[in-house]
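Read the structure below first, then the notes.
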Amino acid sequence: MLDIKLIRTDPEAVKTAIARRGESTTSIDEVLQLDSRVRAIGTERDDIRAEVKQISKQVGALHKDGKADEAADLQTKSRELGDREKALTDEADELAGQIRSLLLNVSNMPSPEAPDGLTEDDNIELRVENFDPGSYADHQKVPHWDVAEQLGILDVDRAVRMSGSMFVMYRGAGARLLRALIAYGLDRNRDAFEEVRPPTVVKTETMIGTGHLPKFSDDAYHLERDDLWAIPTAEVPLTSMVAGEILDESELPMRLMAHTSCFRREAGSAGRDTRGLLRVHEFDKVELYSFCTPEQAPDMHMEILARAEGAIRDLGLAHRVLDLACGDISGAGSRTYDIEVFAPGADRWLEVSSVSWCTDYQARRANIRYRPEGEKGTRFVHSLNGSGLAVPRVWAAIIETYRQADGSVRMPEVLLPYLGDMTEIPAPG
RNA sequence: GGAGACGUGGCCGAGCCAGGUUGAAGGCGCUUCCCUGCUAAGGAAGUAACGUCGUAAGGCGUUCGUGGGUUCAAAUCCCACCGUCUCCGCCA
């Protein structure tokens with residue numbers, strides 16, 4: 001949520017920033033209008049409340065002195081004021097509700113440093129590593145859905161039978177590789193990040209905190225009977241972990257990581273990227289997360305990016321890092337770097353991490369503040385998140401990249417400690 | 001799921017059954033100062049967040065789990081919901 005005070009004092013700057021995303025700014029004007037009315041009403045209401053309080057005290061005193069007649073007059077007057085107060089309160093609440101719902105649907109302002117542009121074509125490629133398109137042999141140019149079927153490590157048909165399309169099931173060595181990737185993703189960040197295993201199903205207000213609701217309700221699974229939502233990313237419960245709390249500056253930066261299942265309805269993308277693991281409704285992910293001060297945020301952003309990229313690099317996968325254009329940054333972010341791995345079989349780049357700096361946007365929604373040392377009052381924290389390891393797409397890239405001429409798949413060196421005696425997935429009989 | 005008890009400030013804990021001057025006693029913690037060779041003990045003062053008006057000092061308002069209701073007036077009365085604890089049931 002944007003700062004209403006900023007909208008009040010510098011509406012043009014806010015509108016200019018929002019416009020860089022290609023989003024409409026009309027709601028900013030509406031907010032401005034509603035806000036000035038709600039404040040005028042609030043002032044009047046507060047004055048009346050103060051008067052009612054005074055009168056009530058007098059009534060009490062008069063009753064004590066046995067002057068019921070005088071009290072009765074005041075009570076009548078107070079009752080009238082009360083009616084007026086009620087009407088003003090209703091109006092103010094109504095307007096405040098309108099403002100809130102408008103603001104909840106406005107995205108964060110992109111950072112001034114975020115590249116211009118509205119589509120992914122405007123993203124800036126910062127670096128490409130370990131990639132030589134001519135270096136791939138024919139046996140690597142087989143898409144993972146075919147390789148996986150040959151090796152019996154992914155059972156899509158049966159998963160679809162029990163859960164519907166775009167659900168998958170890992171089997172045997174495939175499931176083991178999945179588990180190794182999760183452990184690897186967590187362990188390499190254990191030096192600084194606290195491991196958390198949060199709930200996978202959360203309340204509506206928890207989803208609002210990150211910005212996933214109300215705007216993107218079609219993307220999430222909703223359990224209607226209990227009004228709970230299946231999380232699309234661990235970012236949701238992790239943000240909520242300290243919702244409503246006032247942290248000590250000494251606790252910052254707070255570094256958290258979590259492995260969870262993530263659930264996405266992919267409502268807008270039916271029929272797209274449906275092969276194999278390119279796009280699935282349920283997947284595993286290790287998320288890196290931080291709450292910090294505004295001053296700590298830029299370094300933290302780089303740290304999370306470096307950790308996410310390091311995990312991919314050490315797996316020996318070709319990858320690139322993109323600086324996302326304003327229009328391609330998700331709602332809560334102000335600056336986002338994407339990491340994509342190259343999958344030689346599918347012959348395409350796959351997004352495996354989105355490292356976002358959300359400034360105080362989520363902190364306002366979830367009401368997360370800290371007490372700056374040597375300063376009175378509180379400030380909103382900054383929140384940052386990034387996938388430490390999005391498992392299915394990395395799994396797919398490994399299966400394709402490490403496929404040998406004989407059809408077997410070698411396991412990356414760094415995963416061996418997690419695989420016991422499994423150094424490869426052998427070629428079929 | 002059933003029965004009962006309970007939800008007060010950073011923490012503990014009064015107040016609620018007899019509604020009024022209670023933003024809320026007392027204690028702990030914390031901050032500053034005094035005392036002191038140092039420490040301990042002791043003394044004094046301070047110690048919420050948010051909104052709004054104001055250059056400021058400060059004023060006004062909101063918040064005693066959440067939301068409604070009753071009343072001139074609600075931490076106190078009524079209703080609903082959420083949560084916690086205990087016992088029973090069930091279960092990994």
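Protein chains get the first letters and strands the later ones, always in sequence-line order, with residue 1 at the start of each.
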Can you tell whether the side chains of [X] and [Y] come within less than 4.0 Å, N to carboxylate O?
{"X": "A/Asp227", "Y": "A/Lys203", "value": "no"}
{"X": "A/Glu91", "Y": "A/Arg45", "value": "no"}
{"X": "A/Asp83", "Y": "A/Arg79", "value": "no"}
{"X": "A/Asp155", "Y": "A/Arg161", "value": "no"}

Please pick, from [options], the nucleotide with the shortest atom-to-atom distance to any side-chain atom of [X].
{"X": "A/Arg8", "options": "B/G61, B/U52, B/C72", "answer": "B/U52"}
{"X": "A/Ile246", "options": "B/U62, B/G20, B/A49", "answer": "B/A49"}
{"X": "A/Thr378", "options": "B/G20, B/C60, B/A49", "answer": "B/A49"}
{"X": "A/Asp46", "options": "B/C60, B/U62, B/A49", "answer": "B/C60"}
{"X": "A/Arg371", "options": "B/A49, B/U62, B/A73", "answer": "B/A49"}
{"X": "A/Lys53", "options": "B/C60, B/A73, B/U62", "answer": "B/U62"}

Only pairs with both distances under 3.5 Å count, Watson-Crick or wobble alike; so what is the partner of [N] in this structure?
{"N": "B/G19", "result": "none"}
{"N": "B/G37", "result": "none"}
{"N": "B/G46", "result": "B/C30"}
{"N": "B/A14", "result": "none"}
{"N": "B/G58", "result": "B/C53"}
{"N": "B/C77", "result": "B/G69"}
{"N": "B/A5", "result": "B/U84"}

[atom1]-based separation of [M] from [N] [nearest Å]:
{"N": "B/A24", "M": "B/G20", "atom1": "C1'", "answer": "14 Å"}
{"N": "B/C34", "M": "B/G23", "atom1": "P", "answer": "35 Å"}
{"N": "B/U47", "M": "B/A57", "atom1": "P", "answer": "15 Å"}
{"N": "B/U76", "M": "B/G9", "atom1": "P", "answer": "14 Å"}
{"N": "B/C64", "M": "B/G10", "atom1": "C1'", "answer": "16 Å"}
{"N": "B/C11", "M": "B/G69", "atom1": "P", "answer": "30 Å"}
{"N": "B/C88", "M": "B/U31", "atom1": "P", "answer": "46 Å"}
{"N": "B/G65", "M": "B/G58", "atom1": "C1'", "answer": "33 Å"}

I need the [atom1]-[atom2] distance between [X] and [N], as an integer number of Å.
{"X": "A/Asp73", "N": "B/A73", "atom1": "CG", "atom2": "C1'", "answer": "17 Å"}
{"X": "A/Asn367", "N": "B/A48", "atom1": "CG", "atom2": "P", "answer": "18 Å"}
{"X": "A/Gln58", "N": "B/C72", "atom1": "CD", "atom2": "C1'", "answer": "11 Å"}
{"X": "A/Leu88", "N": "B/G51", "atom1": "CG", "atom2": "P", "answer": "21 Å"}
{"X": "A/Arg39", "N": "B/G61", "atom1": "CZ", "atom2": "P", "answer": "20 Å"}
{"X": "A/Asp47", "N": "B/U52", "atom1": "CG", "atom2": "P", "answer": "15 Å"}
{"X": "A/Gln75", "N": "B/U70", "atom1": "CD", "atom2": "C1'", "answer": "14 Å"}
{"X": "A/Asp90", "N": "B/G69", "atom1": "CG", "atom2": "P", "answer": "8 Å"}

- prompt: Would you say B/C72 has OP1 or OP2 under 4.0 Å from some side-chain N or O of A/Arg79?
  reply: yes
query: Hey, is the side chain of A/Lys57 poking within less than 4.0 Å of OP1 or OP2 on B/C72, counting only N and O atoms?
result: no
- prompt: Considering heavy-atom distances to RNA chain B, does A/Arg379 or A/His63 have its closest nucleotide positioned more toward the 5' end?
  reply: A/His63
field: Given RNA chain B, 5'-ward residue of the pair A/Gly60 and A/Val52, judged by closest heavy atom
entry: A/Gly60
message: Would you say A/Gln98 and A/Glu94 are linked by a side-chain donor-acceptor pair, where the criterion is simply a distance under 3.5 Å?
response: yes
Mind checking if [X] touches a base, just sugar-phosphate, or nothing, with heavy atoms under 4.0 Å?
{"X": "A/Ser56", "answer": "base"}
{"X": "A/Arg369", "answer": "sugar-phosphate"}
{"X": "A/Lys203", "answer": "nothing"}

query: Looking at CG of A/Leu104 and OG of A/Ser27, how far apart are the two atoms once the value is rounded to the nearest 0.5 Å?
result: 11.0 Å
- request: Report the distance from atom CD1 of A/Ile329 to atom OH of A/Tyr337, rounding to the nearest 0.5 Å.
  value: 9.5 Å
- request: Applying side chain to side chain donor-acceptor pair (under 3.5 Å) between A/Asp338 and each of A/Ser354, A/Ser356, A/Ser387, report the one that passes.
  value: A/Ser354
